[in-house]
Amino acid sequence: MFIMEKFREKANELLKEIGVEAEVEEAKEGFGDFTLPCFRFAKLMKKSPAAIAKEFEEKIKKSDYFEKIEAVGPYLNFHISPEKLAKMTLSEIIDGRIFQFKKKDKIVLEHTSANPTGPLHVGRARNPIIGDTMARILREHGHEVEVHYFVNDAGMQVATLLWGIMNLPSIKKHGKCDHVYVRNYQEASKLASEKKEIEGEIRELMKRYESGDEELREFGKEKIGCMLEGIRETLEKINVHIDRFVWESSLIPEAKRIAEELKDYTGEENGAYYVDMKKMGIELQKNKFYLYRNDGTTLYFLRDIAYHLYKGKIARTLVDVLGEDHKLHFYAIKSIVEKLNPKLRITPLFYSFVRLPEGKMSTRKGTVVYLDDLIEEGYRMAMDILKDRNYGDESEKIAESIAYSSIRYSILNVQEEKPIVFRWDKALSFEGESAPFIIYTYARASSILRKGEWKNTYDVKLLTHEQEIKLIKLMAKYPEIIKSSCESLSPYIVARYAYELAMQFNQFYRDCPVLSSSSELRESRLALVHSFKIILGRILKVLGLAALEKM
RNA sequence: GGGCGCGUGGCCUAGCAUGGAUAGGGCACCAGCCUUCUAAGCUGGGAAUCCCGGGUUCAAAUCCCGGCGCGCCCGCCA
């Protein structure tokens, strides 16, 4: 059981002993650790809540878990024994028990899956950052996680790209594929929207691709592969790793087989086929979801069903990280797939878009800020700050770390469903609620430990300062934070916790000198700093941020 | 039009699931703190109709109903 839960349970037990069947709640700052609001007993007991709280206070038994249980107005407040808490927390952190979660089921988590028609832009960046972080948190919680990227190489957009590469000389010749060929894609899109015959040519291309034309497949594989490599490189720069890329075209035969299986639930319209959701007994805002075009080519919807069933062979729990625009699509896929394979559980993690002040970003229209450019700018800004400090060769490494961590954190620190309007200064903020603030705090702790040489001894009785106790309490919450983040599939819970923890360490740093304290206190404080460094380092890793010893 | 999401100081944001004690942070602004462990830090200050209107309740930012504003979706695109 988690440390804080042990205390909570103890409080509930003490209440039960005096005949009160109720659960304590987390208390507000300054009112102890747990509280029992007594308003609810007023009617029954025909007394004021304050009198009831007082009565409970007098009856309740003493326990070594709590240093004080007292009535404050209508509340009965429980104050945890700092000594007991410190003893449990420090030992569990130092020997690693606090990080031992039970092994849990395997999960396939899909994120990003951006069309390989251009470089990743900031509007899309929320997906890999949230997805990658969620995968890390789930792993921390004991799940085995396989991270997937579903590569669209079979749809209209990609056919447009291929047509553009074949028919339009590239304006830009050097650089990463994604930055080069995006011009061909944009130009081809424009031409296709202007001229019907070009759109026809693109459709023809798509048909040939899907029918398995070998020469074209080879060409597509090379070009799309190169685009994808560009995207992959960008992802690696922000510390996002994909375990497996699954190409849509590889699932077409299977998709067609599944369409057969769904035959009883389909309808036909001008030669195109759709799933009739009513026939499947599914109620959604839309009833027809198309599987086939009238030219016989498959649609994304069908391929996505096939893909989810494929993922279902790897794990029973699937997590999809999706933009808010995919909600309807997702619920349709989920209900169909879970019907075809009732053992599967598919859960979404939706996020809202990152927009520009002028509106939505679009690769096709070229109204974007590329993630590569944002990373570059972040690096430049960090280097600028570092030139005044003499870190020499390490500067570049530090600047890279600061750049990607800042970008990740600026996304993670906002609740997923809140819309974000992109601003350079905000995405690359280096102070306040930011990655550099947290990493800086880590570096401060590291610096103390470098100089202090902790001898692996400590006495929790000496850790009585308010800031020491607050820091220990916050650290003790780590397992619950991870659990709660997994249950609600919200990485930002962990991101906020990281900030609070760093902030609390800075309070401690201000009020409690470590190195200059007398030997025993010094050792105990070093143990606290050591524990803090372990736990914050762990959190940084779980958030995919850099942990720097110096900055 | 229907569905989903969002609405908290000048700007950004936490809290909302499980209603409770002074609505917590950050940016910006003002005033301070580097002969002592890293000032990417810390302290203090001003600044809030918690979108609006009803309702439930001893108690509403939080729950319910009705509005308003913004975003997304309602494609033989993905």
Side-chain angles (χ1 to χ4, degrees), chain A residues 23 25 27-31 35 37-40 42-43 48-49 72-75 77 113-115 117 150 152 154-158 160 203 248 269-274 284-295 297 299-301 303-304 323-329 331 350-353 355 359-360 382 385-386 389 402 406 410 413-421 423 425-426 429-441 443-452 488 492 496 499-500 502-503 506-507 509-517 522 525-526 529 550-551:
Chain A
E23 303 258 310
E25 298 168 13
K28 274 202 143 189
E29 171 89 42
F31 294 97
T35 187
C38 298
F39 304 94
R40 69 187 92 164
K43 257 186 192 158
S48 76
V72 176
Y75 296 88
N77 295 339
S113 302
N115 282 343
T117 51
F150 195 35
N152 169 21
M156 273 299 281
Q157 276 84 345
V158 172
T160 306
R203 283 193 181 279
E248 285 193 20
E269 197 174 275
N270 306 325
Y273 290 86
Y274 59 86
L284 280 175
Q285 290 103 270
K286 191 171 76 157
N287 191 45
K288 293 178 183 173
F289 288 85
Y290 282 85
L291 303 173
Y292 282 107
R293 294 187 182 86
N294 64 1
D295 63 5
T297 54
L299 283 155
Y300 169 63
F301 188 74
R303 299 191 297 266
D304 207 21
E324 56 184 340
D325 56 335
H326 274 61
K327 281 189 183 177
L328 183 56
H329 171 87
Y331 286 112
F350 292 119
Y351 62 90
S352 295
F353 291 117
R355 304 184 299 124
K360 200 176 164 180
I385 293 173
L386 284 162
R389 310 173 182 203
I402 294 301
S406 301
S410 69
N413 197 32
V414 181
Q415 196 187 347
E416 294 80 15
E417 296 218 86
K418 283 221 183 199
I420 295 181
V421 176
R423 278 179 22 215
D425 59 337
K426 225 178 155 244
S429 164
F430 288 177
E431 50 188 33
E433 288 181 9
S434 69
F437 172 89
I438 299 167
I439 299 168
Y440 177 75
T441 307
R444 268 185 158 176
S446 303
S447 170
I448 294 175
L449 291 167
R450 260 198 311 277
K451 293 174 182 165
S488 50
Y492 93 102
R496 290 217 64 80
Y499 175 71
E500 278 168 28
M503 206 181 200
N506 284 322
Q507 313 283 316
Y509 182 91
R510 182 191 67 223
D511 294 342
C512 306
V514 178
L515 301 180
S516 58
S517 294
R522 178 188 145 108
R525 285 187 171 165
L526 278 171
V529 175
K550 292 182 192 170
M551 72 176 270

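Throughout, protein chains are lettered first and strands after them, A, B, ... in sequence-line order, and every chain is numbered starting at 1.
A:N287 comes within 4.0 angstrom of no nucleic acid atom, judged by non-hydrogen atoms across all strands. Across all strands, A:R525 comes closer than 4.0 Å to no nucleic acid atom at all (heavy-atom distances). Residue contacts shown for A:Y509 include a base, since a base heavy atom lies under 4.0 Å away. Within 4.0 Å (heavy atoms only), A:N270 reaches at least one base atom of the nucleic acid. Within the 4.0 angstrom heavy-atom criterion, only backbone atoms of the sugar-phosphate kind lie near A:G155; the bases stay farther away. Residue contacts for A:Y492: at a heavy-atom cut-off of 4.0 Å it reaches the sugar-phosphate backbone alone, with no base atom in range. Nucleic acid contact for A:E25: none, since no nucleic acid atom lies under 4.0 Å from a heavy atom of the residue. Residue contacts for A:S516: at a heavy-atom cut-off of 4.0 Å it reaches no nucleic acid atom on any strand shown. Counting any heavy atom pair closer than 4.0 Å across all strands shown, A:Q157 reaches a base atom. Among the protein residues, A:C512 comes within range of the nucleic acid bases, having at least one heavy atom under 4.0 Å from a base atom.
With both ends at atom P, the span from B:C6 to B:G46 equals 33 Å, rounded to whole Å. If you take atom C1' in B:A60 and the same atom in B:U8, they sit 14 Å apart, rounded to whole Å. The C1' atoms of B:U22 and B:A48 are separated by 14 Å, rounded to the nearest whole Å. B:C68 and B:G53 have their P atoms separated by 15 Å, with the value rounded to a whole Å.
With a glycosidic angle further than 90° from 0, B:C33 counts as anti.
Distances shorter than 4.0 Å separate some side-chain N or O of A:K43 from OP1 or OP2 on B:C58. Contact annotation: A:R510 reaches the phosphate of B:U43 (side-chain N/O to OP1 or OP2, under 4.0 Å). Regarding contacts with the backbone of B:A14, a side-chain N or O of A:K418 is found under 4.0 angstrom from either OP1 or OP2.
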